[in-house]
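Here is the structure we will look at.
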Amino acid sequence: MIETLSSLFDQTAIRLGQKEAILFLKKGRIESRITYSSLKKISDRIASGLKEMGLEKGDRIILYMPKSVEAVVIHVGIQKAGGISVILNPGFKKDELAYFLKDTDARSSL
């Protein structure tokens, strides 16, 4: 049996439940946090919603958002739905973004 990242997250969520999965620090202070069970619950909802919108296995989804707990949760949800996350940092220069957008071969919409 091949283990996927999302199945490992789910197994860990069952085992560790209310323990913190992610602490997001900004300037040395905890900005946000999420437990394993919350990570599982929210990422499952994201995966379900993406599938309902027509996401198919192997589709690339561009995440254009700052580094955050939310970005990680969405990334896990995309993987659970069978998609591939393409994480683009808002700090990229315009020509870098143009290159990545073209290179990713992401669908324009779901």
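Residues I61 and L97 do not share a hydrophobic cluster, defined by chaining ILVMFWY side chains whose heavy atoms lie under 4.5 Å apart. Note on I74 and Y64: separate hydrophobic clusters, where clusters join Ile, Leu, Val, Met, Phe, Trp and Tyr whose side-chain heavy atoms are under 4.5 Å apart, directly or indirectly. Cluster annotation: V86 is connected to F100 through the hydrophobic network of ILVMFWY side chains, with a link wherever side-chain heavy atoms come within less than 4.5 Å. Under the 4.5 Å side-chain contact rule for hydrophobic residues, L5 and I14 do not share a cluster. Grouping the Ile, Leu, Val, Met, Phe, Trp and Tyr side chains by contacts below 4.5 angstrom, directly or via other members, places I42 with F9.
When all heavy atoms are compared, the tightest approach of S68 to A71 is OG-N, 3.1 Å. Residues V69 and S32 share a closest heavy-atom pair of CG2-OG, 3.1 Å. For I84 against G58, the heavy-atom pair with the smallest separation is CD1-O, 3.5 Å. Pairing each heavy atom of G77 with each of I46, the nearest pair is CA-CG2, 4.0 Å. Nearest heavy-atom pair across T35 and G17 is CB-O, 3.7 Å. Nearest heavy-atom pair across T12 and Y36 is CG2-CE2, 3.3 Å.
The distance from the CG atom of L39 to the CD1 atom of I22 is 5.5 Å, given to the nearest 0.5 Å. The distance from atom NE2 of H75 to atom CD1 of I78, rounded to the nearest 0.5 Å, is 8.0 Å.
Side-chain atoms of V72 and F24, non-hydrogen and from C-beta on, never get closer than 4.5 Å to each other. For the pair L101 and L88, the minimum side-chain heavy-atom distance is below 4.5 Å. The closest side-chain heavy-atom distance from K40 to K80 is below 4.5 Å. Side-chain contact between T4 and Q79 is absent, with no heavy atoms from C-beta onward closer than 4.5 Å. Using a 4.5 Å heavy-atom threshold, the side chains of L50 and D59 count as separate.
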Show the numbers, then the answer: is there a side-chain contact (heavy atoms from CB on, under 4.5 Å) between L25 and I30?
CA-CA 4 Å; L25 302 174; I30 297 174; 3.5 Å; yes

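Remark: the S37 side chain and the Q18 side chain contain an N/O donor-acceptor pair separated by less than 3.5 Å.
Other residues, nucleotides and ligands contribute more than 12 heavy atoms inside 6.0 Å of the CZ atom of F92.
Residues meeting the side chain to side chain donor-acceptor pair (under 3.5 Å) test with E52, sequence neighbours left out: none.
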